[in-house]
Amino acid sequence: MKKKDPFDLSMYDIAYMDKIIKKHDMRPEIARFIVLYSKGINDGLTVYWFLDRLTEYIARFNPYDLQVAKNLIEGFHHKYVVPFGR
């Protein structure tokens, strides 16, 4: 089975980014990074329940800077993803 390209954003990915930008007053580059990170660890697939949990986690800290968001995602990854073998 061929993996999907995690950098290939579908119209659904873009719609999801717009949704979280508006809902959480999030910067577009942070929303894009969240979607790309999720697709990267989910074999290029858009897994909405995972995106929802990750977005809620990041939004709690309300990062304005992309590097801060990346650090938060790294923490999320080690706390919630690594224990499941990803």
Q: Verify whether the ring centers belonging to Tyr80 and Phe84 lie closer than 6.0 Å.
A: no

Q) Which atom pair, heavy atoms only, marks the closest approach of Ala31 to Met17? A) O-CG, 3.8 Å

Q. Taking only residues two or more places apart in sequence or in another chain, which ones pass ring-ring contact (aromatic ring centres under 6.0 Å, His included) with Tyr48?
A. Tyr16

(Q) Could you work out, with side chain to side chain donor-acceptor pair (under 3.5 Å) as the rule, every residue matching Asp65, not counting sequence neighbours? (A) none

Q. For the atom pair CG (Asp8) and CG (Asp13), what is the distance rounded to the nearest 0.5 Å?
A. 8.0 Å

Q. Taking atom CE of Met26 and atom NZ of Lys19, what is their separation to the nearest 0.5 Å?
A. 11.5 Å

Q: Can you measure from CG (Leu72) to CD1 (Ile58) and round to the nearest 0.5 angstrom?
A: 4.5 Å

Q: Apply side chain to side chain contact (heavy atoms under 4.5 Å, CB included) to Asp18 and list each qualifying residue two or more places apart in sequence or on a separate chain.
A: Ile14, Ile21

Q | For Leu66, side chain to side chain contact (heavy atoms under 4.5 Å, CB included) partners two or more places apart | A | Glu29, Ile30, Phe33, Lys70

Q.
Using the side chain to side chain contact (heavy atoms under 4.5 Å, CB included) criterion, which residues pair with Asn62? Sequence neighbours excluded.
A. none

Q) In Å, rounded to the nearest 0.5 Å, how long is the span from CD1 of Ile34 to OH of Tyr57? A) 12.0 Å

Q | Approximate separation, where rounding is to 0.5 Å, of Tyr12 OH and Thr46 OG1 | A | 10.5 Å

**Q.** salt bridge (Lys or Arg N to Asp or Glu O under 4.0 Å) contacts touching residues 49-58 (sequence neighbours left out)
**A.** Arg53-Glu56

Q.
Just to verify, what does Glu74 make a salt bridge (charged side-chain N to carboxylate O under 4.0 Å, His left out) with, not counting sequence neighbours?
A. none

(Q) For Ser38, give me all partners under side chain to side chain contact (heavy atoms under 4.5 Å, CB included), at least two apart in sequence or on another chain. (A) Asn42, Phe50, Leu51

Q. Would Thr55 and Lys23 count as a side chain to side chain contact (heavy atoms under 4.5 Å, CB included) if you check the C-alpha gap in whole Å, the side-chain angles of each, and the deciding distance to 0.1 Å?
A. CA-CA 10 Å; Thr55 300; Lys23 181 177 180 181; over 6 Å; no

Q. Crowded around Arg32 CZ? As in, over 12 foreign heavy atoms under 6.0 Å?
A. no

Q: Take atom CZ of Phe61 as the centre, draw a 6.0 Å sphere, and report whether it contains more than 12 heavy atoms from other residues, nucleotides or ligands.
A: yes

